[in-house]
Amino acid sequence: TLDEATDPWGVKVERVEIKDVRLPVQLQRAMAAEAEAAREARAKVIAAEGEQKASAALRAASEIIACSPSALQLRYLQTLNSISAEKNSTIIFPVPMDILGQFSLRGKK
């Protein structure tokens, strides 16, 4: 340590304070690039963890909805309600093919 190095001269060093450090511009840029890369890596990890939690929640929700056909219908209507709240001029309303098939059979009778 610095104190041990100055002991032979009879000088005791208790504390060292650095007041002004000047780094070369290239080193500053390299440090900034390294910090940016570290931030981007952390952001990717956080995003991946969010995707993982979202997929687990979707799986759990799909298992619940699979147990009840009426829950699926309610979710469908809720989605249509949220779409209509956005003031869109056109809403595409998907209808299951088995329902359309029943209408075409009635028209032929």
Side-chain angles (χ1 to χ4, degrees):
T1 65
L2 185 59
D3 185 39
E4 292 170 355
T6 58
D7 273 343
W9 299 324
V11 177
K12 174 135 179 90
V13 177
E14 290 183 8
R15 181 175 69 149
V16 175
E17 184 177 326
I18 299 173
K19 291 192 176 193
D20 187 23
V21 176
R22 295 184 187 192
L23 298 174
V25 176
Q26 286 182 325
L27 181 58
Q28 290 176 4
R29 287 182 184 151
M31 291 171 68
E34 183 179 355
E36 179 68 21
R39 281 192 298 272
E40 287 178 7
R42 283 192 302 273
K44 287 179 182 180
V45 168
I46 290 170
E49 289 172 352
E51 289 289 329
Q52 190 175 25
K53 288 178 183 177
S55 66
L58 283 172
R59 180 178 182 211
S62 69
E63 290 171 357
I64 292 169
I65 289 176
C67 294
S68 173
S70 60
L72 181 61
Q73 184 65 29
L74 288 173
R75 181 66 184 123
Y76 179 69
L77 293 172
Q78 185 181 25
T79 302
L80 286 174
N81 185 37
S82 65
I83 291 172
S84 66
E86 294 175 2
K87 307 282 190 251
N88 290 336
S89 59
T90 304
I91 296 177
I92 299 173
F93 191 79
V95 178
M97 293 302 292
D98 55 347
I99 292 176
L100 291 176
Q102 291 175 0
F103 287 121
S104 65
L105 291 176
R106 288 183 186 171
K108 291 180 180 179
K109 289 184 181 180

Does atom CD of Glu14 have more than 12 heavy-atom neighbours, drawn from other residues, nucleotides or ligands, at distances under 6.0 Å? no
I'd like to know whether CD of Glu63 has more than 12 heavy-atom contacts from other residues, nucleotides or ligands below 6.0 angstrom. yes
Is there a continuous path of hydrophobic side-chain contacts, each under 4.5 Å between heavy atoms, that joins Val25 to Val21? no
How far does [atom1] of [X] sit from [atom2] of [Y], to the nearest 0.5 angstrom?
{"X": "Asp3", "Y": "Lys12", "atom1": "CG", "atom2": "NZ", "answer": "4.5 Å"}
{"X": "Asn81", "Y": "Leu74", "atom1": "CG", "atom2": "CG", "answer": "12.0 Å"}
{"X": "Leu72", "Y": "Ile64", "atom1": "CG", "atom2": "CD1", "answer": "13.0 Å"}
{"X": "Arg22", "Y": "Leu27", "atom1": "CZ", "atom2": "CG", "answer": "15.0 Å"}

Applying side-chain hydrogen bond (donor to acceptor under 3.5 Å, both in side chains), name anything that partners Ser68, two or more places apart in sequence or on another chain. Ser70
Going by side chain to side chain donor-acceptor pair (under 3.5 Å), name the pairs with one or both residues in residues 37-48, residues two or more places apart or in two chains. Glu36-Arg39
Val16 versus Leu2, closest heavy-atom pair with distance: CG2-CD2, 3.4 Å
Gln78 and Arg75: side chain donor to acceptor below 3.5 Å: yes
